Amino acid sequence: MIKGNCLCGRVKYEYSVEIDEVAVCHCDQCKLAQGTAFATNAPVDASKFKWLEGEDNLTAYFSSANKKRVFCTTCGSPMYSQRTDLPGTIRLRLGTITEGKIPEPHYQIFCKSESQWLVLDIEKPRYEDNKA
Ligand SMILES: [Zn+2]
Ligand SMILES: [Zn+2]
């Protein structure tokens, strides 16, 4: 069981199973959206993910025609992204998790745009673009 919330606490969620895949994303959109050198995301099964509070306090921004990035309207915490062609998958932002086990990252994507000012020193598979 995983639980999490946004910074202000208005938005709360739970995920009923374990997280089994963690990605480090170095893409330019994630840098801007999270305000960090890279994002840590987990693709989770939308059917096992539930909003406990504050779903109506989320705002979606479409950073691409088929991809929305969803954040708390009050505090701005990035919660997840989702592709319109993959509605069964939520890409959860791992910094919002407050309870439950988060495994180490399994791979890194969009390494072609990796920041040069903060280098992540981990031995994980690297993909220049998205994982195939
Ligand atoms: Zn909030
Ligand atoms: Zn990204």
Side-chain angles (χ1 to χ4, degrees):
M1 169 74 80
I2 298 287
K3 289 192 173 189
N5 53 260
C6 65
L7 177 60
C8 75
R10 285 179 171 80
V11 178
K12 293 186 167 70
Y13 64 80
E14 68 178 25
Y15 184 54
S16 62
V17 294
E18 296 297 313
I19 286 175
D20 58 8
E21 183 176 336
V22 170
V24 173
C25 185
H26 297 283
C27 86
D28 287 331
Q29 286 193 349
C30 277
K31 285 181 201 166
L32 293 170
Q34 332 296 178
T36 59
F38 49 81
T40 49
N41 307 327
V44 303
D45 183 344
S47 70
K48 299 184 172 88
F49 184 92
K50 189 167 84 175
W51 298 107
L52 300 175
E53 287 178 41
E55 187 176 3
D56 60 352
N57 203 47
L58 293 167
T59 297
Y61 169 70
F62 278 82
S63 56
S64 315
N66 70 340
K67 183 176 181 176
K68 64 180 176 182
R69 292 170 179 272
V70 180
F71 56 93
C72 172
T73 306
T74 304
C75 69
S77 286
M79 304 304 291
Y80 73 98
S81 66
Q82 193 171 34
R83 281 169 47 178
T84 54
D85 56 334
L86 290 173
T89 301
I90 282 175
R91 291 185 183 277
L92 191 60
R93 271 40 188 171
L94 297 181
T96 65
I97 291 176
T98 55
E99 280 183 53
K101 188 175 182 308
I102 306 174
E104 285 185 14
H106 294 87
Y107 55 87
Q108 307 182 70
I109 53 176
F110 292 100
C111 292
K112 66 182 180 187
S113 49
E114 185 174 22
S115 87
Q116 298 305 302
W117 59 271
L118 177 60
V119 176
L120 194 57
D121 184 18
I122 55 173
E123 295 286 326
K124 299 295 174 182
R126 297 170 57 88
Y127 300 92
E128 281 300 291
D129 292 287
N130 211 344
K131 188 165 168 270

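Predicted, not measured: the structure shown is a model, and the values here were computed from it.
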Between Gln82 and Arg91, do the side chains contain a donor N or O and an acceptor N or O under 3.5 Å apart? no
Enter the distance from Ser63:OG to Asp28:CG here, rounded to the nearest 0.5 Å. 12.0 Å
In chain order, what residues pass the ring-ring contact (aromatic ring centres under 6.0 Å, His included) check against Tyr80, with sequence neighbours excluded? Trp51
Under 4.0 Å between a Lys/Arg side-chain N and an Asp/Glu carboxylate O for Lys50 and Glu14? yes
Ring-face cation of Lys3 near Tyr13 (centre distance under 6.0 Å, axis angle within 45°): no
Carefully, step by step, assess His26 and Phe110 under the rule ring pair (Phe, Tyr, Trp, His ring centres under 6.0 Å). CA-CA 5 Å; His26 297 283; Phe110 292 100; 9.5 Å; no
Enclosure of Arg10 CZ (heavy-atom neighbours >12, cutoff 6.0 Å): no
Taking the side chain as everything from C-beta on, heavy atoms only, tell me whether Tyr107 gets closer than 4.5 Å to Glu21. yes
Determine, using the 4.5 Å side-chain heavy-atom cutoff (strictly less than), whether Leu58 and Ile2 are members of one ILVMFWY cluster. yes
Which residues satisfy the ring-ring contact (aromatic ring centres under 6.0 Å, His included) test with Tyr15, sequence neighbours excluded? none
Under a 4.5 Å side-chain heavy-atom rule over Ile, Leu, Val, Met, Phe, Trp and Tyr, are Val24 and Val44 clustered together? no
Any donor and acceptor pair, going by atom type alone, linking the side chain of Ser77 with main-chain N or O of Leu7 inside 3.5 Å? yes
Examine Phe49 and Val70 and state if one hydrophobic cluster contains both, with Ile, Leu, Val, Met, Phe, Trp and Tyr joined whenever side-chain heavy atoms are less than 4.5 Å apart. yes
For Lys124 and Gln108, the nearest pair of non-hydrogen atoms, with its separation, is O-NE2, 3.8 Å
Any chance you could measure Leu120, atom CG, to Cys111, atom SG, to the nearest 0.5 Å? 9.0 Å
With ILVMFWY side chains joined below 4.5 Å, transitively, what does Val119's cluster contain besides itself? none
Rounded to the nearest 0.5 Å, what separates atom NZ in Lys67 from atom OG in Ser81? 4.0 Å
Report yes if some heavy atom in the side chain of Lys68 is under 4.5 Å from a heavy atom in the side chain of Arg83; otherwise report no. no
Taking the side chain as everything from C-beta on, heavy atoms only, tell me whether Glu99 gets closer than 4.5 Å to Met1. no
May I ask you to decide if Phe38's main-chain N or O and Thr36's side chain share a donor-acceptor pair within less than 3.5 Å? yes
Does one side chain, of Thr74 or Asn57, offer a donor that lies under 3.5 Å from an acceptor on the other? yes
With a 3.5 Å cut-off and no angle check, do the side chains of Asp45 and Ser47 form a donor-acceptor pair? yes
Do Asn5 and Leu52 come within less than 4.5 Å of each other through their side chains, counting heavy atoms only? no
Checking the side chain of Lys112 only, and the main-chain atoms of Tyr127 only, is there a donor and an acceptor separated by less than 3.5 Å? no
Linking I/L/V/M/F/W/Y whenever any side-chain heavy atoms sit under 4.5 Å apart, do Leu92 and Val17 land together? yes
When clusters are formed by joining ILVMFWY residues with side-chain heavy atoms under 4.5 Å apart, either directly or through shared neighbours, do Ile122 and Leu118 land in the same one? yes
